[in-house]
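The structure appears below as structure tokens.
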Amino acid sequence: MQSFLNQFRQLGNRTMLSIFLFGIASGFPWVMIGSVMSAWLKDAGLTRSAIGFFTAVFAVYSINFLWSPLVDRLKLPLLTARLGQRRGWILLTQLLICLGCLALARLDPNSALWLAGLSALGIALASATQDIVIDAYRIDSIDPVHNEQQSTGAAMATSGWWTGYAGLGAIPFFVADVPGWHWPDIYLLLAALMLLLTGGIWVATEPQTRIREQTYQQAESRYLAAVSSHGPAATLVLLAILSAITLCGFQVFAPTWFAYQNAAVSLLVLLLVAFAVRTTSRMLKEQAAQNKLTANSTQKAMAWLLVSLGEPLRDFFSRNGVRVALTLLLFVMLFKMGEAVLGRMSIVFYKEIGFSNADIGAYSKLLTWVVTIVASVTGSLINLRIGIIKGLYVGGLAMAASNLLFALMASVGPDKTLLFVTIVVDGFTAAWGTVAFMAFISVLCNRAFTASQYALLASIGTFGRTTLGAYSGVVVDYLDGNWQLFFLLTALMVLPSLLLLTLIRHKVREIAGERA
């Protein structure tokens, strides 16, 4: 019992408090460019189509890994020297979010809709970058010797995000009904609240990760020698990396021209990445025994880019081995697939079986915040006891079992008591699974490339859920609206990922420092 109390007390230490405050700052911008933006545009008389186009700015969150290496490498003038690499970047992104709100407060969407769109995009870019740095800060702040505490950090980050999104996110709508307040005034209020959230910078302490600087210096020396003696091959590698980055952006923003576009582009990206990793490893291996040659400015620039963009990925594959690395990536993509597919159709399901909009709002929305916080903290404390690997098994199976409650509801009909129980259980298991998943991909990261590798792993998880989850409606139609069978299938979707985890559990335990 004493051990449990000690674990609970960890939630209140300075590091965890900082992670919680940064989590609030991470969730709050979603309100600015989401619900508040939609309400403002609706009151301004814009069409549903115009309002819908604004949701496109959220696409940047799924591709923030493309510029995540810059967060690891670029030192900000004045801010890095004064606050450190992580806190300096967090403060910069938060101030940019404030500026975005101030810009929106001075705009009329009817006469300057494109400027409002650019301002929303600016907030999204700054917010997506802030997420990169906050995740890196969370991981770096926990000593690798105590990797089991990544579950606690993930719980505090999740609780903070929902507090910023659901807690602070309710304030603008209460204020909007106060006489004399208009939406531009509310954006001034949002900017002020975001400015207050920068106070988390002064609560936090900069993580000490000297290994990052040393690793990058050593890598740049090796890459410079490789580029000097293998110029054409290095040029091809850089072109392959830049092409893969371009295709990832195309995947998100371009319209779907044919049915298998996502699969075709993804396969091409994988081939380009495989070529880049294999060729880079061969260049570095051949160069290992040679002295560094004299390099010109162009070669130095190429070496810098290759280290920044390619070394985090090459490190992940070389450190884990190709087979284990690919299995890990596939697990990350599949683990929360069933939850994502169900989530896409949950509101449709509620309405089809007879629940009213008021029922949906009261039960599926208002409960989420409280349930998520309680489940995140509880799940992290249990994961501390049983370990990250067992936490993934328990969390995954619990998520699958909770889906069966939806199947039961499909048989019973619109019973409010069952709806309450289902939403509480589903929210609890989803939060637990999220904490275990975040802790898992956190321990996979090399502390020299935290921002780059975590952003990539998180994006792969998001990509799998958003692309395959988009076909959830097609599955329901194929089953002729058989919701019971649909929810049974979503429960079974977690099994392939748990099978993959079983195949590599010993390697993952080694990475996480856990005992069998």
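Hydrogens, waters and symmetry mates play no part in the numbers below; they use all other heavy atoms, side chains included.
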Can you find a pair of side-chain heavy atoms, one from Val322 and one from Val277, that are under 4.5 Å apart? no
Any side-chain heavy-atom pair of Met438 and Val435 under 4.5 Å: no
Work out which heavy atom in Ser452 is nearest to a heavy atom in Ser68; give both atom names and the distance. CA-OG, 3.4 Å
Any side-chain heavy atom of Ile132 sitting closer than 4.5 Å to one from Tyr454? no
Hey, can you tell me if Phe437 and Phe331 have their rings parallel, tilted or perpendicular (30° and 60° cut-offs)? tilted
What are the two closest heavy atoms between Leu96 and Ala126, and how far apart are they? CB-CB, 3.9 Å
What distance separates Leu66 CG from Ile245 CD1, expressed to the nearest 0.5 Å? 6.0 Å
Tyr61 and Trp30 aromatic ring geometry - parallel, tilted or perpendicular at 30°/60° bounds: tilted
Do the rings of Phe486 and Trp483 sit parallel, tilted or perpendicular, given the 30° and 60° boundaries? perpendicular
Looking at side-chain heavy atoms only, is the closest gap between Leu313 and Ile241 below 4.5 Å? no
Rounded to the nearest 0.5 Å, what separation is found between the CG atom of Leu419 and the CG atom of Asp426? 10.5 Å
Could you tell me whether a side-chain N or O of Asn64 sits under 3.5 Å from a main-chain N or O of Ala128, the two making a donor and an acceptor? yes
Ring centers of Phe335, Phe440 separated by less than 6.0 Å: no
Partners meeting ring pair (Phe, Tyr, Trp, His ring centres under 6.0 Å) with Trp162 (sequence neighbours left out): Tyr165
Between CD1 on residue Ile24 and CD1 on residue Ile19, distance to nearest 0.5 Å: 13.0 Å
Is it true that the side chains of Thr429 and Ser402 contain a donor and an acceptor less than 3.5 Å apart? yes
Determine, step by step, whether Trp183 and Leu104 satisfy the side chain to side chain contact (heavy atoms under 4.5 Å, CB included) criterion, reporting the C-alpha distance in whole Å, the side-chain angles of both residues, the deciding distance to 0.1 Å, and the verdict. CA-CA 9 Å; Trp183 289 111; Leu104 286 170; over 6 Å; no
Within the side chain of Thr378, is there an N or O that forms a donor-acceptor pair under 3.5 Å with the backbone of Ala375? no
What pairs with Leu196 under side chain to side chain contact (heavy atoms under 4.5 Å, CB included), at least two apart in sequence or on another chain? Leu193
Can any side-chain N or O of Gln130 pair as donor or acceptor with the backbone N or O of Ala25 at less than 3.5 Å? yes
Under the 3.5 angstrom rule, does the side chain of Tyr187 hit a backbone N or O of Gly100 as a donor-acceptor pair? no
Would you say the side-chain atoms of Trp67 and Thr129 include a donor-acceptor pair closer than 3.5 Å? yes
Minimum-distance pair of heavy atoms, taken over all atoms of Ala136 and Thr450: CA-CG2, 3.8 Å
Working note: Asn320 + Lys507, criterion side chain to side chain contact (heavy atoms under 4.5 Å, CB included); need CA distance, chi angles, decisive distance, verdict. CA-CA 8 Å; Asn320 297 300; Lys507 177 66 176 179; 3.9 Å; yes
Among residues at least two apart in sequence or on other chains, which ones pass side chain to side chain contact (heavy atoms under 4.5 Å, CB included) with Val394? Ile386, Trp432
Asp143 and Arg447 have their tightest heavy-atom pair at C-NH2, 4.2 Å
Rounded to the nearest 0.5 Å, what's the gap from CG on Leu330 to CG on Leu501? Could you check? 12.0 Å
Less than 4.5 Å apart, any side-chain heavy atom of Met156 and any of Thr15? no
For Val371 and Gly427, which heavy atoms make the closest approach, and how far apart are they? CG1-C, 3.6 Å
Within-4.5 Å side-chain heavy-atom neighbours: Leu328 and Leu444: yes
Looking only at atom types and distance, does a side-chain atom of Thr490 sit under 3.5 Å from a main-chain N or O of Phe487, one as donor and one as acceptor? yes
For Phe316 and Leu456: C-alpha separation, side-chain torsions, deciding distance, then whether side chain to side chain contact (heavy atoms under 4.5 Å, CB included) applies. CA-CA 11 Å; Phe316 182 80; Leu456 177 62; over 6 Å; no
Indicate yes or no for a side-chain donor-acceptor contact from Arg86 to the backbone of Val133 under 3.5 Å, with no hydrogens or angles considered. no
Take atom CZ in Arg323; do more than 12 heavy atoms of anything else shown fall under 6.0 Å from it? no
Side chains of Ser376 and Thr434: does their closest heavy-atom pair fall under 4.5 Å? no
Would Val377 and Ser159 count as a side chain to side chain contact (heavy atoms under 4.5 Å, CB included) here? Give the steps. CA-CA 8 Å; Val377 173; Ser159 301; 4.2 Å; yes
Hey, are the side chains of Pro172 and Leu190 touching, using non-hydrogen atoms and a 4.5 Å cut-off? yes
How far does CE of Met409 sit from OG1 of Thr417, to the nearest 0.5 angstrom? 10.5 Å
SG-CZ distance between Cys445 and Arg319, expressed to the nearest 0.5 angstrom: 8.0 Å
Testing the basics here: between Arg138 and Gly153, what is the closest heavy-atom pair and its distance to 0.1 Å? CD-O, 3.4 Å
